[in-house]
Amino acid sequence: MEVIRNIFDLSDIPRKDLTVFGIFSLFLLIFPLIPHSSFAMATMIEFLMFSLYGMGWNTIGGYGGQVDLGKAQYAGIGAFTTAVMLIHWNIPFWISAPVGMIFAIIWSFAIGYPLFRMRGHYFAIATIATSLVLLDVFQSWNFVGAAKGLELPLKSMPSLLYLQFRSDTYYYYILLFLFFFGFFYINWFRKSRLGFQLRAIKDNEEVARSLGINVHWCKIKTYAIATSFVAVVGSFHACYNFNIDPEDIMSLDLSILIAMMAMVGGAGSLWGPIIGAAVLIPLKSYLGSWLGGKEGLAGLDLVIYALIIMIIAAFEPRGIWGIVEKARKRGKI
Amino acid sequence: MSAILQVQGVTKDFGGLRANDNISFSVEKGELLGLIGPNGAGKSTLFNCIAGVHPVTAGRIFFEGKEITNLKPHQVARLGLARTFQIFVASGDLSVLENIMVGSFLRTRSRKIARQKAEEILVFMELQEHVDQWVSELPVAAQKRVAMATALATQPRMLLLDEVAAGLNPTEIDQMMGLIRQIHDDRGITVVLIEHVMELVMNLSQRVIVLESGKIIAEGKPEAIKQNPEVIKAYLGERYVAKIAEAEGKA
Ligand SMILES: Nc1ncnc2c1ncn2[C@@H]1O[C@H](COP(=O)(O)OP(=O)(O)OP(=O)(O)O)[C@@H](O)[C@H]1O
Ligand SMILES: [Mg+2]
């Protein structure tokens, strides 16, 4: 089957990169077996979650060049679907997550259809606006717990079905499975017909149209793919945290952080979101624990992220991976 | 022979400016037609109207008997009418082969088939040496060939070429001339070319249409157009007469 071969086709990637990724994958596989603090485990779990968020964002934002700053709304839809279905009807994660994904996709079509008539900055601002509107709706909607959010009922026994475990190691391996699934999906996507068309659109929309590409529809489809990734991680987040609050899961902060993974790591590259998450999440955890104890410094982390974005925009729009590729062209690596 | 393209009374206004004024002509299946005229005559605008980039102000357009007036550009392309742009900007992160694959993906979902088709066209358009380069790194002549290759990869039955010889040196013009001839003769694609390079357009075209200020002012065989006093006066002037003498001297 051609598709199966394409999913695992990494033939265009330099050996060196594959070696590094192989070693890193091995590390991810055995990490829980190495002695570690619970802080390190929590950071690793967040790293995997944000890699996945970033991989999703990278489809429309990186390969497609459409800067989306409203992804948190889809994380919220995923998380609340899973929570509500568990609380009201005792439905397991493996059913509620796909349902949440479908809700998110439907919402993404409703949002994407008008929004993709806009260009550039207007699109980016509109995605922020729609996400904040949905946040407002959730904050005043009693069925989903309004501003208080929802608490997930604890099962009496750990359960794979409901994604409830006593130890983080189980959550970690579930996420790791999703991580590799996402990675190989993106590897297929980037060289699929849609991937090629999207890159052509990023290059020049008018030329893309002249080659028979329905630009508007391509963007909407890709937006739905990005949304699916984010919604599933949102559902996972609900089970992992047991407690979701719209202010948290649907915030502008989260939207920006999702966008930053690929932007910092390298937008439109396979490694970008992973590199971005590997750099930013430990930074975020560290800053969080450090700032947590210091009154009056709240919000400093946002200032630091803003600085990082400005530095990237000014010096290397293709992020860390762009720096690596430039150095490689000059023959240094 | 039957008409592959019919343009009936097409008018295009940009605000107060009439860029195309009641233009009617048809292109026969298998023809190689030249479209010339001074800067700002409305040639590119006419291509854009046919290809669906601009909605027309008035008039109708038919491709293979089917009305395509005001279809979207991607719909026109899907019907088998491809075009290149006068100004070709490729900024981005697609290699030459990948660019051509974007074109071939119009007719297939399979990466393998798209790649095979693209490789075949890459060789045909004499781009082998550039296969893995970024388009923005290439010399102008090669960029123009990439644009043509990408359009060809969509497997069109008709191709509109907008100034593909502009900015080329004499050797490159010869190469381009050979390629256009092959596209037409060997691939059986109907070609319309907008061109300022007289040597090329007069040598290749079976028929030439002259546009000035949005109107057709002359139409006929290249030899007749070269002699047409109206054309010489309106567009070509002394410079052209000299060029033709030179071109004929060469031949
Ligand atoms: N999108 C547009 N909006 C407004 N005016 C336009 C537009 N496109 C073209 N025009 C105007 O229409 C007229 C015809 O332009 P067009 O580009 O069709 O000429 P052309 O024959 O292709 O010239 P050239 O040989 O220089 O390419 C010009 O006066 C031009 O300024
Ligand atoms: Mg023009």
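Computed from a predicted structure; not experimentally measured. Naming: A, B, ... by sequence-line order, numbering from 1 per chain. All values below come from the heavy atoms of this structure, side chains included, with hydrogens, waters and symmetry mates left out.
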Heavy-atom pairs under 4.5 Å with chain A are the metric here; pick the option from [options] that has the most.
options: E98(B), K72(B), R83(B), Q75(B); result: E98(B)
options: A114(B), A147(B), P73(B), A82(B); result: P73(B)
options: P156(B), G52(B), S110(B), A51(B); result: S110(B)

Which atoms of [X] are under 4.5 Å from chain A, going by heavy atoms: the side chain, the backbone, both sets, or neither?
X: T108(B); value: backbone
X: T150(B); value: both
X: V76(B); value: neither

Of all the heavy-atom pairs spanning [X] and [Y], show the shortest one and how long it is.
X: V102(B); Y: F196(A); answer: CG2-O, 3.8 Å
X: H74(B); Y: I213(A); answer: CB-O, 3.3 Å
X: R209(A); Y: A77(B); answer: O-CB, 4.3 Å
X: F105(B); Y: R193(A); answer: O-NH1, 3.0 Å

When heavy-atom pairs shorter than 4.5 Å are enumerated against chain B, which of A208(A), A200(A), G65(A) gives the highest number?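 Ranked by heavy-atom pairs under 4.5 Å with chain B, first place is A200(A).
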Should we count [atom1] of [X] as having more than 12 external heavy atoms under 6.0 Å?
X: F14(B); atom1: CZ; value: yes
X: K12(B); atom1: NZ; value: yes
X: Y113(A); atom1: OH; value: no
X: F180(A); atom1: CZ; value: yes
X: R190(A); atom1: CZ; value: yes
X: F24(A); atom1: CZ; value: yes
X: F315(A); atom1: CZ; value: no
X: R115(B); atom1: CZ; value: no

Give the intermediate values and the outcome of side-chain contact (heavy atoms from CB on, under 4.5 Å) for residues R78(B) and N214(A). CA-CA 10 Å; R78(B) 284 175 191 183; N214(A) 185 341; 3.8 Å; yes
Could you measure the distance from the [atom1] atom of [X] to the [atom2] atom of [Y]? Nearest 0.5 Å is fine.
X: M101(B); Y: Q197(A); atom1: CE; atom2: CD; answer: 11.5 Å
X: E206(A); Y: N48(B); atom1: CD; atom2: CG; answer: 6.5 Å
X: N204(A); Y: L94(B); atom1: CG; atom2: CG; answer: 11.0 Å

E137(B)/K329(A) ion pair, N-O < 4.0 Å: yes
Assess whether a salt bridge exists between E2(A) and R111(B), defined as any Lys/Arg side-chain N lying under 4.0 Å from an Asp/Glu carboxylate O.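 No, no charged N to carboxylate O under 4.0 Å.
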What part of W188(A) gets closer than 4.5 Å to chain B, counting heavy atoms only: side chain, backbone, both or neither? both
Answer with side chain, backbone, both or neither: which region of D9(A) has an atom nearer than 4.5 Å to a non-hydrogen atom of chain B? side chain
